[in-house]
Participant: 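Sharing a structure, written as structure tokens. Questions coming.
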Amino acid sequence: MSYIRKPAFQHPNLPKNEIGLTRRDYEGAMSTLCAGCGHDSVSAAIIEACYALGVEPHRLAKLSGIGCSSKTPTYFLSKSHGFNSVHGRMPSIATGASMANTGLKYIGVSGDGDSASIGLGQFAHAIRRQVNMLYIIENNGTYGLTKGQFSATNDRASVGRKGQKNQFDPIDICSLAIQLGASFVARGFSGDKAQLVPLIESGMAHEGFALIDVVSPCVTFNNHLGSTKSFDFVREHNNAVMATDFVPAREQIHAEYDKGEAVDVQLHDDCTIRLRKLDDDYDPTDRASALKYLADHHDRGEVVTGLLHVDTGIENLRDKAQLVDQPLNELVERDLVPSQALLDEVNQRRRW
Amino acid sequence: MSYIRKPAFQHPNLPKNEIGLTRRDYEGAMSTLCAGCGHDSVSAAIIEACYALGVEPHRLAKLSGIGCSSKTPTYFLSKSHGFNSVHGRMPSIATGASMANTGLKYIGVSGDGDSASIGLGQFAHAIRRQVNMLYIIENNGTYGLTKGQFSATNDRASVGRKGQKNQFDPIDICSLAIQLGASFVARGFSGDKAQLVPLIESGMAHEGFALIDVVSPCVTFNNHLGSTKSFDFVREHNNAVMATDFVPAREQIHAEYDKGEAVDVQLHDDCTIRLRKLDDDYDPTDRASALKYLADHHDRGEVVTGLLHVDTGIENLRDKAQLVDQPLNELVERDLVPSQALLDEVNQRRRW
Amino acid sequence: MAALNAINEFVIRFANVNGSGSASANVMFAKIVYRMGVPVAPKNIFPSNIQGLPTWFEARVSAKGHLGRREGVDLMVAMNPQTFAEDLADVVPGGYLLYDSTFEQRISRTDVNVIGVPLTRLCLEAFEDPRQRQLFKNVAYVGALAAFLDIDFEAVKEVVSLQFRGKEKLVGPNIQALELGRDYALRHYDCPLGLRVEKCDAVGDKIMIDGNSAAALGCVFGGATVAAWYPITPSTSVAEAFERYCERMRVDEKTGEHKYAIIQAEDELAAIGMAIGANWNGARGFTATSGPGISLMTEFLGLAYFAEIPLVLFNVQRGGPSTGMPTRTQQSDITACAYASHGDTKQMLLFPSEPNECFNMSADAFDYADRLQTPIIVMSDLDLGMNDWVCDPFEWDQERRFDRGKVLDAEALDKIEKFGRYRDVDGDGICYRTYPGTHPEKGAFFTRGTSRDNYAVYTEDGDVHAENLRRLNRKFDTGAKILPGPEFGQESQRSTIGIIYFGTTATAMPEALEQLEDQDIIVDTMRIRAFPFALEVAEFVRAHETVYIIEQNRDAQMRMLLMNECDLAPDKMKKILNYDGMPVTARFIAENIAAAVKPGARQGGVAAE
Amino acid sequence: MAALNAINEFVIRFANVNGSGSASANVMFAKIVYRMGVPVAPKNIFPSNIQGLPTWFEARVSAKGHLGRREGVDLMVAMNPQTFAEDLADVVPGGYLLYDSTFEQRISRTDVNVIGVPLTRLCLEAFEDPRQRQLFKNVAYVGALAAFLDIDFEAVKEVVSLQFRGKEKLVGPNIQALELGRDYALRHYDCPLGLRVEKCDAVGDKIMIDGNSAAALGCVFGGATVAAWYPITPSTSVAEAFERYCERMRVDEKTGEHKYAIIQAEDELAAIGMAIGANWNGARGFTATSGPGISLMTEFLGLAYFAEIPLVLFNVQRGGPSTGMPTRTQQSDITACAYASHGDTKQMLLFPSEPNECFNMSADAFDYADRLQTPIIVMSDLDLGMNDWVCDPFEWDQERRFDRGKVLDAEALDKIEKFGRYRDVDGDGICYRTYPGTHPEKGAFFTRGTSRDNYAVYTEDGDVHAENLRRLNRKFDTGAKILPGPEFGQESQRSTIGIIYFGTTATAMPEALEQLEDQDIIVDTMRIRAFPFALEVAEFVRAHETVYIIEQNRDAQMRMLLMNECDLAPDKMKKILNYDGMPVTARFIAENIAAAVKPGARQGGVAAE
Ligand SMILES: Cc1ncc(C[n+]2csc(CCOP(=O)(O)OP(=O)(O)O)c2C)c(N)n1
Ligand SMILES: Cc1ncc(C[n+]2csc(CCOP(=O)(O)OP(=O)(O)O)c2C)c(N)n1
Ligand code: SF4
Ligand code: SF4
Ligand SMILES: [Mg+2]
Ligand SMILES: [Mg+2]
């Protein structure tokens with residue numbers, strides 16, 4: 001990072017999105033991460049996606065746990081409310097927040113330590129509940145903020161900076177999420193923005209729990225030779241199974257494509273995810289075969305990326321809760337306080 | 001339960017096992033569970049298996065969390081030390097205990113609430129670490145002890161006693177465990193002791209983390225029509241993929257079998273698990289296909305039972321920790337306290 | 001042998017086996033007494049299991065309104081052979097023992113009036129269905145009691161028909177079973193006994209309800225929309241009652257849609273996280289738990305305190321430490337709650353004493369939480385939460401508005417130059433907040449558990465941190481002004497002796513005071529209703545020479561708060577401590593105080609220190 | 001303008017950017033001073049991030065042994081342009097500022113002696129490799145300082161060769177960089193400055209080590225075999241040092257097998273669970289954490305207390321509440337630890353004040369935990385745990401045996417009729433335990449967090465529960481006798497004023513006392529070393545008219561423990577509180593006490609209340 005503040009002045013000719021905002025309007029405070037940290041690229045991709053989607057910044061809430069990754073919500077969308085909560089517990093905060101106001105969009109940012117160790121239970125149960133949110137794990141196979149201990153996503157084959165052996169098999173975030181019934185599961189790479197941005201756009205448009213596991217190298221503690229979460233390793237072993245284009249509602253009409261090449265997945269608010277398979281063997285709609293593919297390719301040392309699984313037919317938590325349209329946090333006495341008659345009835349029943 | 005104490009007197013002609021003990025020597029205090037509770041059958045099966053294996057009761061430790069299921073260690077093996085810990089945290093207790101003394105056997109008993117909700121993180125990480133223990137989940141799809149709330153293993157199709165709809169998809173304990181790399185995964189049914197006892201014997205002989213998910217109906221809160229964890233439902237939809245016989249070392253020589261029919265899995269201390277496939281489609285050595293089979297059959301409303309997955313080639317936590325042979329809790333000053341020379345060296349190095 | 005004589009003043013206890021269907025029969029008995037206009041306080045003394053273990057149901061009947069627990073049983077309904085000897089021993093001399101004479105029992109006392117009714121045989125003869133034969137034994141003893149206690153059988157029938165509202169076909173067989181018992185009693189015994197229930201109007205328009213239901217109803221009226229919880233005895237019924245009330249009162253009639261969200265979380269950490277998330281996002285959210293859950297919520301309670309997020313948390317206290325006595329009552333989580341979490345953290349507490357107060361305090365708690373932007377922990381207990389209490393009916397001022405505290409909406413934000421989430425504009429330690437999504441340009445801020453400046457920006461500046469901690473103390477002082485002050489038993493001071501109590505101890509107090517007055521010990525009383533303490537609390541202590549603090553815990557936890565927060569001298573603050581898991585009795589209080597006041601007077605039960 | 005003159009008595013501060021390689025150069029400087037026989041106290045003041053933010057390294061140099069932090073900087077090495085102005089402002093009048101004159105800086109003060117050394121340029125010219133050019137800037141200023149402070153260059157070289165033991169090829173370039181700085185200084189400035197480091201023998205055979213390493217070494221000598229932990233600043237290095245020591249001292253030479261097990265847990269709940277499991281099973285296990293981890297361990301701490309399982313827990317305290325100031329120091333988890341968990345729970349604490357005591361107390365803690373069958377929480381802090389301290393070398397009596405407390409082996413079990421895990425045979429509240437697997441017939445019992453009788457059988461009997469709680473209090477009293485008592489600063493009372501302190505505050509005390517004596521204020525002092533308190537602790541308070549309790553927290557947490565546990569009058573117990581996250585200074589203590597003692601004297605810093 002550098003400590004020189006960006007000028008507040010905005011060039012009048014900066015391009016504007018649908019709602020008249022420039023990219024600058026989606027930026028956040030200056031990053032305090034290490035120069036070159038993968039996480040900063042993910043923040044940039046989020047900014048890009050939000051700009052492209054024309055999200056109103058203040059109608060989005062950004063939540064996180066604790067870690068270098070969890071710090072990043074400060075570094076994008078400074079007009080959004082943010083909540084940097086406690087280690088591993090962001091999913092519960094997001095669950096409660098999303099019930100309180102269905103009118104906002106929710107992005108959760110977490111790390112592999114935050115979600116695969118201390119937060120594994122909450123992460124799994126947020127998936128199971130199909131909480132309406134985009135959940136991004138900035139996965140570097142290490143505990144960045146506490147200086148480089150192995151995390152639970154670290155590959156068995158990976159060695160530490162000082163050559164330490166990792167004795168445990170990794171938890172594969174994507175396979176676990178698919179197993180637990182997640183309805184949108186993707187893997188990205190912080191070094192591949194072209195792939196990542198449409199994944200984020202799609203994840204934000206998905207109504208339910210959308211997970212993106214982004215391999216996001218830690219340049220300080222886990223970017224050495226021998227690490228399977230280094231820039232070089234991932235670049236060399238990246239196996240993109242799916243190219244994803246996000247087609248917003250307004251562009252729908254202009255979209256031209258060759259049926260044979262792409263499959264369209266229709267999202268709720270008229271947006272579409274356009275998937276082009278890069279590997280014919282891959283079937284993103286079938287959980288079990290996706291799992292098998294992931295396992296096989298992991299064994300071969302490949303990092304499978306792209307939209308790995310999507311199911312738009314699920315019932316999300318908002319549906320399950322059968323909420324009224326108006327956000328709960330806007331309901332007032334008239335909506336919430338029972339009538340005198342109902343109170344009288346309670347009293348009367350309690351007279352047996 | 002009944003409150004009449006069993007007489008302490010033991011019939012002199014009771015059959016004895018290898019180490020000269022009778023079944024009585026493996027019993028515990030009287031159960032205080034509801035009459036007919038599935039959990040009592042699991043206790044009986046544990047008693048049976050320990051008797052058959054000729055386990056020395058005091059060389060076994062029994063651990064649990066909180067719940068009706070977690071109470072059961074009181075009801076078997078009263079000569080064993082027991083630890084009824086806190087809700088959902090038995091895996092960590094077991095992990096620490098197993099490091100302290102590699103000389104004992106460890107059985108953990110848990111419930112679906114205990115392991116799939118509050119304890120999910122610890123459960124998953126105990127699997128990942130390959131803790132040396134047999135972990136039994138007495139799975140009734142409900143919170144028995146707190147009077148019948150839905151648990152996370154309850155099927156979507158299942159309805160509550162009062163007809164309440166369950167809105168969430170279940171966590172399938174076995175699939176999750178296989179996904180997380182468990183090396184021994186079985187499902188039993190408390191109503192099928194013939195199947196359960198050899199599974200327990202095999203699980204105890206397995207060196208690593210052995211999981212048995214036992215469907216164990218709660219007769220008070222989840223045994224009604226419409227429950228998929230009722231005795232009737234499981235009896236009718238039980239799909240045993242594998243018949244398991246446990247062949248202890250001493251019987252090895254007498255064993256006769258027809259090669260074509262059975263597959264033997266060799267365990268560490270010369271015991272063998274003899275598997276006879278009941279469904280040719282099933283392959284218990286391949287994780288991905290096991291997962292697919294479980295998913296498909298679950299969708300059809302079947303309860304797949306038997307030894308679902310086994311891998312004896314793993315490195316368990318004891319191996320990983322490279323412990324000395326003598327249990328850590330037996331090491332004394334001579335083993336543990338560094339010499340004066342080493343202390344002098346520390347001091348000297350700290351003089352820079 | 002002398003037999004007890006008493007009208008509308010006695011203790012009856014039912015000894016049963018749990019899961020045997022006795023609960024509804026016993027409750028029926030309590031309701032009958034209540035319907036006759038006689039105050040009654042039932043208490044369930046149940047095991048931590050589901051079926052097959054001894055369980056007791058005790059009802060204090062008292063037209064005088066002495067509804068605290070009392071030692072000794074005047075009439076024992078001994079239905080559990082397993083505990084028969086023990087139950088017999090608990091009967092006061094001259095008291096009565098009713099038992100199922102189908103089976104022979106060894107009765108070793110001669111100073112008890114024994115009444116046998118062959119309940120099992122009667123039901124065996126009268127009913128076909130095995131389940132009915134089992135269940136109606138219980139109903140039959142209620143019938144017998146109606147005869148023995150001279151209860152108006154019309155009242156009995158009334159309760160039965162109310163109890164089975166909607167399941168009318170159960171009314172007939174129940175009445176049949178009641179008559180079975182009654183008729184046997186009338187035929188074989190001189191009815192009534194010395195103990196009698198007589199119609200009176202000591203109940204007035206009072207209702208009978210448990211504290212957890214009352215608290216849940218308070219949440220509905222208080223505007224709570226998000227409830228997240230994890231099952232645990234004895235708090236489970238707060239969430240379950242909230243769900244029932246919401247289904248009745250908060251479902252849109254036309255669309256069937258919900259004006260509430262209830263989430264059964266995966267554990268207590270998640271439950272409180274969800275409640276915090278909801279409150280952060282501008283909804284009123286709460287959670288409910290008991291001891292072990294409180295411990296698990298500790299980290300999040302610190303976050304809510306420090307990040308200043310409103311939150312209502314019900315702690316229905318049970319017997320600790322650890323898993324302890326999960327089906328017994330205590331007031332032993334006071335320290336754990338008041339100072340929950342690491343670092344310099346202080347939480348605000350409310351202490352309801354009966355269901356009506358549960359209702360009001362729980363509705364108020366949401367206003368307090370919003371106004372003070374901090375967790376409000378409602379400290380109920382098992383006795384209050386799970387037992388039925390006779391209390392005033394609930395009232396609600398339909399004109400009342402939620403007080404959401406200092407929240408800036410878009411319009412207000414437009415008017416100010418720069419919004420600072422943690423700026424103490426008003427000097428009361430309470431700053432202005434915004435809900436997410438309020439304004440496109442202004443009002444967004446970053447909520448965090450780390451140190452930050454007035455604009456919610458992360459800082460490691462020690463002076464800023466220290467000043468922020470001081471402001472939080474100012475807010476705490478403001479809390480002492482906003483939260484309910486103590487309730488005094490007298491208009492003005494009349495004694496050098498003061499008694500301090502709180503929560504459910506209140507129910508034993510009137511009787512204890514009478515007993516003290518009988519010994520010419522006149523005292524002043526103060527009931528604490530909230531922490532931080534209003535100024536009057538310390539004044540009361542200072543104004544008295546000796547103060548007795550009655551607590552249902554071992555460590556005199558409230559006394560510690562008093563000493564520490566008000567700098568009160570320890571010498572004059574005497575401990576009266578009951579911690580056996582049973583509600584404290586008037587006699588325990590009175591005897592211990594009398595013994596201390598007049599050395600030589602008898603001291604009983606679990607010792608005062 | 002006057003320039004400061006001082007030999008071996010000054011404060012130097014290095015202002016850097018973290019991740020820029022300054023840390024090892026700064027440590028090198030501290031070691032050089034130490035090798036010259038001059039006591040030095042380095043403190044890292046670092047941000048909660050990994051790279052690119054301001055970070056400071058401050059070293060108090062004091063032959064007198066005044067090693068507490070002191071306000072004001074005598075010599076500032078200002079390497080961070082981002083904080084230049086701020087750093088300049090911190091220099092005392094007459095002090096020195098050394099900066100990298102490659103870049104121009106606005107220097108707005110005239111009362112500071114400014115020294116420019118073009119470090120960047122020098123390194124650019126001297127080195128090829130960009131990484132070296134960057135790193136050696138730091139080494140070069142150490143070289144310059146050697147000249148400015150008159151440091152013997154042989155000592156410098158010695159430290160370099162020791163620091164790069166095993167990496168000898170780094171020695172050359174480092175010396176080259178040192179000489180670069182030194183030569184520039186000698187060539188361009190009149191060396192030395194008014195500040196000088198002069199060889200002396202105030203260090204003796206003392207060593208320099210951080211508290212966390214010392215504690216870890218104590219665990220090795222104390223016989224710990226199982227460590228379970230989860231990373232968190234500032235406790236991480238306890239586990240990491242334990243691993244390093246074990247690799248060196250506990251690996252079987254022949255087989256390579258381990259006489260220890262270290263598990264990086266998935267979180268703090270699991271970490272303490274593993275430690276409890278290990279101790280339950282007869283091994284000595286521990287865990288280490290900081291604030292948020294303590295909160296998460298609360299439920300398990302209650303279990304260990306109530307089920308009476310030994311456990312050693314290191315709490316390296318940091319700035320709270322919540323995530324708070326994770327890289328700053330405080331003593332603010334005292335309440336959270338002493339009363340950790342719901343219900344009537346009390347924990348035992350130790351308060352080390354410097355690394356040698358960390359070593360001894362941590363070894364002793366395992367004996368205490370085994371003897372008292374309860375968790376022992378070692379209350380260190382960030383300042384102690386993560387900074388290097390000059391302290392006495394470690395000593396160990398090789399004849400010393402582990403005291404495992406009351407454990408029955410098979411032979412002992414054979415001799416007794418019936419084993420009762422919770423029978424208070426000796427009347428000290430401590431019962432006998434057995435390890436699992438001891439005896440085929442006897443000694444097995446069921447460990448549980450629920451109430452149980454003397455034979456570890458589940459019970460809901462209130463009297464049994466209450467008696468058990470009382471016994472636990474007896475055990476607590478026994479703890480007060482077993483744990484280390486206070487340390488007094490005087491042989492016998494000599495003042496009406498007492499000062500109470502604990503932990504790292506000790507390092508500021510000698511200087512504070514001198515400053516008070518300079519004002520003719522004579523006081524008695526007592527350092528608390530453990531909770532529960534030995535009898536002398538209360539006696540000390542009673543014997544003095546006024547007692548000042550110095551704490552590094554807002555809420556006067558130790559004072560609360562004193563009041564509550566010893567029933568001490570609050571009026572005479574005055575609070576001196578520092579809670580800005582920086583170690584308390586002698587001046588802060590002396591000024592606040594002086595102000596209170598002699599009204600009118602100046603009072604400074606964060607206010608005393
Ligand atoms: C309860 C708790 N335990 C431990 C910590 C210390 N801690 C801070 S960040 C972190 C790990 C972060 O790892 P990860 O989530 O992978 O994020 P990264 O820094 O690698 O992006 C830990 C253990 C904490 N803040 N809170
Ligand atoms: C921390 C904590 N939360 C909640 C509880 C209450 N509780 C006791 S048992 C139980 C659920 C048990 O369910 P399960 O594990 O499925 O066991 P079952 O009774 O069904 O056999 C709960 C929530 C508790 N004891 N501790
Ligand atoms: S330590 Fe690693 S994860 Fe953290 S900011 Fe630096 S590079 Fe990124
Ligand atoms: S409640 Fe259910 S799980 Fe519990 S003992 Fe009864 S039948 Fe078994
Ligand atoms: Mg990480
Ligand atoms: Mg269950």
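Letters A, B, ... mirror the listed sequences (proteins, then strands); counts begin at 1.
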Participant: Please look at C:A261 and chain A and tell me whether the side chain, the backbone, both or neither of the residue comes under 4.5 angstrom of a heavy atom of that chain.
Facilitator: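 C:A261 touches chain A through backbone and side-chain heavy atoms alike.
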Participant: Heavy-atom count around C:D205 CG within 6.0 Å, excluding the residue itself: above 12?
Facilitator: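 More than 12 heavy atoms, drawn from other residues, nucleotides or ligands, come within 6.0 Å of this atom.
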Participant: Considering all heavy atoms of both residues, which atom of A:M99 and which atom of C:V226 are nearest to each other, and what is their separation?
Facilitator: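 Closest approach of A:M99 to C:V226: CB-CG2, 4.3 Å.
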Participant: Would you mind checking which part of C:T225 comes under 4.5 Å of any heavy atom in chain A, side chain (CB onward), backbone (N, CA, C, O), both or neither?
Facilitator: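 Both backbone and side chain.
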Participant: Which atom names give the shortest non-hydrogen contact between A:N101 and C:P436, and what distance separates them?
Facilitator: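 Heavy atoms only, the tightest pair is ND2-O, 4.5 Å.
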Participant: Quick check for you: among C:W280, C:Y458, C:Y435, C:F394, which has the greatest number of heavy-atom pairs under 4.5 Å with chain A?
Facilitator: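 With the most close heavy-atom pairs to chain A, the winner is C:W280.
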Participant: Does any backbone or side-chain atom of C:Q163 lie under 4.5 Å from a heavy atom of chain A? Answer side chain, backbone, both or neither.
Facilitator: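 Neither part.
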Participant: Identify the two heavy atoms, one from C:A444 and one from A:S78, that lie closest to each other, and give their separation to 0.1 Å.
Facilitator: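 Heavy-atom minimum between the residues: CB-O, 4.0 Å.
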Participant: Do A:R89 and C:L269 come close enough that some side-chain heavy atom pair is under 4.5 Å?
Facilitator: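 Yes, at least one pair of side-chain atoms sits under 4.5 Å.
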Participant: Any chance you could measure A:H58, atom NE2, to C:T434, atom OG1, to the nearest 0.5 Å?
Facilitator: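 Answer for the NE2-OG1 pair, A:H58 versus C:T434, is 11.0 Å.
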Participant: Checking A:E345 against chain C: side chain, backbone, both or neither under 4.5 Å from a heavy atom?
Facilitator: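 The answer is the side chain of A:E345.
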Participant: With a 4.5 Å heavy-atom cut-off, do A:R350 and C:D388 have their side chains touching?
Facilitator: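 Yes, their side chains come closer than 4.5 Å.
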Participant: Using a 4.5 Å cut-off on heavy atoms from C-beta on, say whether the side chain of A:V332 contacts that of C:R404.
Facilitator: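 In short, these two side chains do not touch, never coming nearer than 4.5 Å.
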Participant: Would you call C:E257 and A:L323 a side-chain contact if the rule is heavy atoms closer than 4.5 Å?
Facilitator: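 Answer no - side chains too far apart.
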Participant: Drop me the distance from A:L343's CG to C:E395's CD, to the nearest 0.5 angstrom.
Facilitator: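 If we round to the nearest 0.5 Å, A:L343:CG and C:E395:CD are 8.5 Å apart.
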Participant: Less than 4.5 Å to any heavy atom of chain A: does that hold for the side chain of C:K31, its backbone, both, or neither?
Facilitator: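 The side chain, not the backbone.
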Participant: Between CD1 of A:I93 and CD1 of C:I276, what distance do you get to the nearest 0.5 Å?
Facilitator: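 Answer for the CD1-CD1 pair, A:I93 versus C:I276, is 5.0 Å.
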Participant: To the nearest 0.5 Å, tell me how far A:S98 OG sits from C:M274 CE.
Facilitator: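 CE of C:M274 is found 9.0 Å from OG of A:S98.
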Participant: Please rank C:E158, C:R165, C:E299 by heavy-atom pairs under 4.5 Å with chain A and give me the top one.
Facilitator: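 Between C:E158, C:R165, C:E299, the count favours C:E299.
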Participant: Relative to chain A, which segment of C:K206 carries a heavy atom at a distance below 4.5 Å: side chain, backbone, both, or neither?
Facilitator: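 Just its backbone gets close to chain A.
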Participant: Could you tell me which portion of A:D344 (side chain, backbone, both or neither) has an atom closer than 4.5 angstrom to a non-hydrogen atom of chain C?
Facilitator: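 Neither part, no heavy atoms under 4.5 Å.
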Participant: So does A:A321 get a backbone contact from the side chain of C:H258, meaning a donor-acceptor N/O pair under 3.5 Å?
Facilitator: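 Yes: the side chain of C:H258 pairs with the backbone of A:A321.
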Participant: Quick check: are there more than 12 heavy atoms from other residues, nucleotides or ligands sitting under 6.0 Å from NZ of A:K320?
Facilitator: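 More than 12 within 6.0 Å, yes.
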Participant: To the closest 0.5 Å, what do you measure between CG (A:L336) and NZ (C:K259)?
Facilitator: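 These two atoms lie 7.5 Å from each other.
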Participant: Tell me, side chain or backbone of A:Q122 under 4.5 Å from chain C's heavy atoms, or both, or neither?
Facilitator: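 For A:Q122, heavy atoms of backbone and side chain both lie under 4.5 Å from chain C.
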Participant: Please identify, among C:G449, C:S213, C:P440, the residue contributing the most non-hydrogen atom pairs under 4.5 Å to chain A.
Facilitator: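 Going by pairs under 4.5 Å, I would pick C:P440.
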Participant: Could you please spell out the steps behind the side chain to side chain contact (heavy atoms under 4.5 Å, CB included) verdict for A:K79 and C:E441?
Facilitator: CA-CA 6 Å; A:K79 288 175 189 162; C:E441 294 294 331; 3.2 Å; yes
Participant: Which atoms of A:P338 are under 4.5 Å from chain C, going by heavy atoms: the side chain, the backbone, both sets, or neither?
Facilitator: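 Both the backbone and the side chain of A:P338 come within 4.5 Å of chain C.
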Participant: For the interface with chain A, which of C:N279, C:D267, C:I263 has the highest count of heavy-atom pairs at distances below 4.5 Å?
Facilitator: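 The option with the most such pairs is C:I263.
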Participant: Checking heavy atoms, do the side chain of A:S85, its backbone, both or neither come under 4.5 Å from chain C?
Facilitator: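 Interface part for A:S85: both.
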Participant: Who among A:V337, A:L63, A:I66, A:V86 has the most heavy-atom pairs with chain C under 4.5 Å?
Facilitator: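 Among the listed options, the one with the most contacts to chain C is A:V86.
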Participant: Please look at C:L217 and chain A and tell me whether the side chain, the backbone, both or neither of the residue comes under 4.5 angstrom of a heavy atom of that chain.
Facilitator: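 Side chain only.
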Participant: So does C:R35 get a backbone contact from the side chain of A:R351, meaning a donor-acceptor N/O pair under 3.5 Å?
Facilitator: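 The answer is no, because no donor-acceptor pair under 3.5 Å joins these two groups.
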Participant: Using heavy-atom distances under 4.5 Å, tell me whether C:F446 contacts chain A through its side chain, its backbone, both, or neither.
Facilitator: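 Answer is both: backbone and side chain atoms of C:F446 are under 4.5 Å from chain A.
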Participant: So for C:L162, is it side chain, backbone, both, or neither that comes closer than 4.5 Å to the heavy atoms of chain A?
Facilitator: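 Looking at C:L162, just its side chain touches chain A.
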Participant: Decide whether A:H81 and C:T438 meet the rule of one side-chain donor and one side-chain acceptor closer than 3.5 Å.
Facilitator: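 No, no side-chain donor-acceptor contact under 3.5 Å.
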Participant: Give the member of C:C246, C:A265, C:G285 that has the highest number of heavy-atom pairs under 4.5 Å with chain A.
Facilitator: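 The candidate making the most pairs under 4.5 Å is C:A265.
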Participant: Donor-acceptor pair, A:N347 side chain versus C:P393 backbone, under 3.5 Å?
Facilitator: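 Not a single qualifying donor-acceptor pair exists.
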Participant: At a heavy-atom separation under 4.5 Å, does C:V159 approach chain A through its side chain, its backbone, both, or neither?
Facilitator: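 Contact with chain A: none, neither part.
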Participant: C:R448 side chain to A:F83 main-chain N or O, any donor-acceptor pair under 3.5 Å?
Facilitator: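 It does not hold such a pair.
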Participant: Please check: side-chain N/O of A:E333 versus main-chain N/O of C:F221, any donor-acceptor pairing under 3.5 Å?
Facilitator: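 Not at all, since once roles are kept as given, no pair shorter than 3.5 Å links the two residues.
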Participant: By a 4.5 Å heavy-atom criterion (distance strictly below it), what part of A:R129 contacts chain C: side chain, backbone, both, or neither?
Facilitator: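 Contact with chain C involves the side chain of A:R129 alone.
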Participant: Can you say whether C:E266 sits under 4.5 Å from chain A via the side chain, the backbone, both, or neither, judging by heavy atoms?
Facilitator: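 Its backbone and side chain both get close to chain A.
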Participant: With a 4.5 angstrom heavy-atom cut-off, which part of A:L104 approaches chain C: side chain, backbone, both or neither?
Facilitator: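 For A:L104, the contact with chain C is made by the side chain alone.
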Participant: For chain C, find which of A:P73, A:G82, A:A94 contributes the most heavy-atom pairs closer than 4.5 angstrom.
Facilitator: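 Greatest number of close heavy-atom pairs with chain C: A:G82.
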Participant: Got A:V346 and C:R248 here, is their nearest side-chain heavy-atom distance under 4.5 Å?
Facilitator: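 In contact.
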Participant: Can you say whether C:R401 sits under 4.5 Å from chain A via the side chain, the backbone, both, or neither, judging by heavy atoms?
Facilitator: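 Both backbone and side chain.
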Participant: Quick one: what part of C:R284 sits under 4.5 Å from any heavy atom of chain A, side chain, backbone, both or neither?
Facilitator: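 Answer is neither: C:R284 stays 4.5 Å or more from chain A.
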Participant: Any side-chain heavy atom of C:W396 within less than 4.5 Å of one from A:L342?
Facilitator: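 SC-SC contact between C:W396 and A:L342 ruled out.
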Participant: Please classify the contact between C:A270 and chain A as side chain, backbone, both or neither, with a heavy-atom cut-off of under 4.5 Å.
Facilitator: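 Both backbone and side chain.
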Participant: Where is the tightest heavy-atom contact between A:N329 and C:N281, given as atom of each residue plus distance?
Facilitator: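 Shortest heavy-atom contact: ND2-O, 2.7 Å.
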Participant: Which bit of C:L303 is near chain A, if near means a heavy-atom gap under 4.5 Å: side chain, backbone, both or neither?
Facilitator: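 The side chain, not the backbone.
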